[in-house]
Chemist: 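My questions will all concern the structure given below.
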Amino acid sequence: MLSGIQPTSDSFHLGNYLGAVRNWVLMQQTHDCYYCVVDLHAITAGHDPETLRRRTRVSAAQLLAVGIDPEASTLFVQSHVPEHAQLAWVFSCITGFGEASRMTQFKDKSAKGGVDRSSVGLFTYPILQAADILLYQADAVPVGEDQRQHVELSRDLAQRFNSTFGQVFTVPKPYIVRESAKIYDLQNPTAKMSKSASSPNGVIDLLDEPNRSAKKIRSAVTDTGREVVFDQENKPGVSNLLTIYSALTGRTIDELTTAYEGKGYGDLKKDLGAVVADFVAPIQKATQGYLDDPAELDRVLAIGAAKARSVASATLAAAYDRIGFLPAA
Ligand code: TYM
């Protein structure tokens, strides 16, 4: 399996962790795993070079801190493996312009500044993502709900390539765990928690100071009712808090609603703040440990890149051959 995360913020948020990264950690026991910090994707919407370098390291450090084991899995940085950009070019030549135009994430992201001001890279972003996935012959791609359409595109491209030029690629499936596939913004609980949220108060970062997270949870938007019950439609705020609580503790939603019978939203929020603080403390400590030793972090990433390249280069060579490129002597 393969999955990726963009180094576009100084910390992953709870949506990234509960929607995707938590499953990455679990799947190490059952799958041959490739995890990629997708820095090529991170330059599609404008960036600052020093910030990108810092965030790429912070992202890798956080992945190690939450439990990605570089001995068991392959952890690497996308730009260290040039085959991603090479295969993306091939796929861009078998993707229809209309097909790429229908990607909802492009439509959303380009709506802000207007299509004319968006980069071509933002437009072809899902094609690069398909290359990430297909280079490793991944059959499972653990992601949050917002990435489903991109994984569907990679399925279509794998099938199209195989039927046009001959079998090269495994056709992947998204691996989405329903309960935590979409974590919502605390201030706007019908929108997904996102790195680009309009207010930082709606987003719980793993590296946030625990008091700050507790405060954000205390001021989370709920509703005028009193009862702690799960009702996505009518009580999206409370339901989101329950989802997060359940995912972090392993207690079912039913158990939680029974435990909070007769109590109010304030109790739920206070307790969830403590749960989050306990959860992030060891992650923060471990992340700092990896950041304090950049030489060791770079060594781990170099080993990961070499392992990734050995697989990616074989896939790319097979694809180049089927397309009809002359072998380089
Ligand atoms: P990115 O960096 O935006 O997010 C990383 C992962 O976190 C998930 N996620 C969420 N899950 C639940 N609730 C949320 N509020 C939430 N917000 C984010 C995302 O679904 C994702 O799984 N295009 C990808 C990166 C990528 C990739 C890949 C993923 C590049 N190449 C190949 C899989 C395979 C992205 O922008 O993720």
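Counting starts at 1 for both ligands and their atoms, in listed order.
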Chemist: For Ile183 and ligand 1, does the shortest N/O to N/O distance drop below 3.5 Å?
Modeler: yes

Chemist: Do ligand 1 and Val143 have nitrogen or oxygen atoms that lie under 3.5 Å from each other?
Modeler: no

Chemist: Would Ser180 count as being in polar contact with ligand 1, using the rule that some N or O on each side must be under 3.5 angstrom apart?
Modeler: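 Looking only at distances, the answer is no, because the N/O contact criterion of under 3.5 Å is not met.
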
Chemist: If we only count heavy atoms from C-beta on, is the Leu268 to Leu242 side-chain gap below 4.5 Å?
Modeler: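 Yes; the side chains approach each other to less than 4.5 Å.
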
Chemist: A cation-pi test, strictly: NZ or CZ of Lys109 under 6.0 Å from the centre of the six-membered ring of Tyr125 and no more than 45 degrees from its axis. Yes or no?
Modeler: yes

Chemist: Mind checking whether Leu128 contacts ligand 1 via backbone (N, CA, C, O), side chain (CB onward), both or neither, at a 4.0 Å heavy-atom cut-off?
Modeler: neither

Chemist: Do the side chains of Asp39 and Arg55 get close enough for a salt bridge, i.e. N-O under 4.0 angstrom?
Modeler: no

Chemist: With respect to Tyr125, determine whether any N or O atom, backbone or side chain, lies less than 3.5 Å from an N or O atom of ligand 1.
Modeler: yes

Chemist: Indicate yes or no: does an N/O atom of Gln147 lie under 3.5 Å from an N/O atom of ligand 1?
Modeler: yes

Chemist: Are the ring centres of Tyr136 and Tyr34 closer than 6.0 Å?
Modeler: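 Centroid distance Tyr136-Tyr34: below 6.0 Å, so yes.
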
Chemist: Any nitrogen or oxygen of Glu145, side chain or backbone, less than 3.5 Å from one on ligand 1?
Modeler: no

Chemist: Does any N or O atom in Gln129 lie less than 3.5 angstrom from one in ligand 1, N or O only?
Modeler: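 Yes; at least one N/O pair falls below 3.5 Å.
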
Chemist: Heavy atom under 4.0 Å from ligand 1: found in Asn16's side chain, backbone, both, or neither?
Modeler: both

Chemist: Would you mind telling me if ligand 1 is within reach of the side chain of Leu18, the backbone, both or neither, using heavy atoms under 4.0 Å?
Modeler: neither

Chemist: Does Gly144 reach ligand 1 with a nitrogen or oxygen that is under 3.5 Å from one of the ligand's nitrogen or oxygen atoms?
Modeler: yes

Chemist: Inspect the contact between Asp208 and Lys216 and indicate whether a charged nitrogen and a carboxylate oxygen are less than 4.0 angstrom apart.
Modeler: yes

Chemist: Quick one: does ligand 1 sit under 4.0 Å from the side chain of Tyr184, the backbone, both or neither, non-hydrogen atoms only?
Modeler: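 It is neither part, as no heavy atom is under 4.0 Å.
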
Chemist: Can you check whether Tyr265's main-chain N or O pairs, donor with acceptor, with Arg226's side chain at less than 3.5 Å?
Modeler: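 Judged by distance alone, no pair lies under 3.5 Å.
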
Chemist: Check Gln6 against ligand 1 and report side chain, backbone, both or neither, counting heavy atoms closer than 4.0 Å.
Modeler: both

Chemist: Under 4.0 Å from a heavy atom of Ile5: which atoms of ligand 1 are those, numbered in the order shown and with their elements?
Modeler: 2 (O), 5 (C)

Chemist: Is there a polar contact between ligand 1 and Met193, counting only N or O atoms under 3.5 Å apart?
Modeler: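 Yes, since at least one N or O of Met193 sits under 3.5 Å from an N or O of ligand 1.
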
Chemist: Under a 4.0 Å heavy-atom limit, does Ala181 contact ligand 1 with its side chain, its backbone, both, or neither?
Modeler: backbone

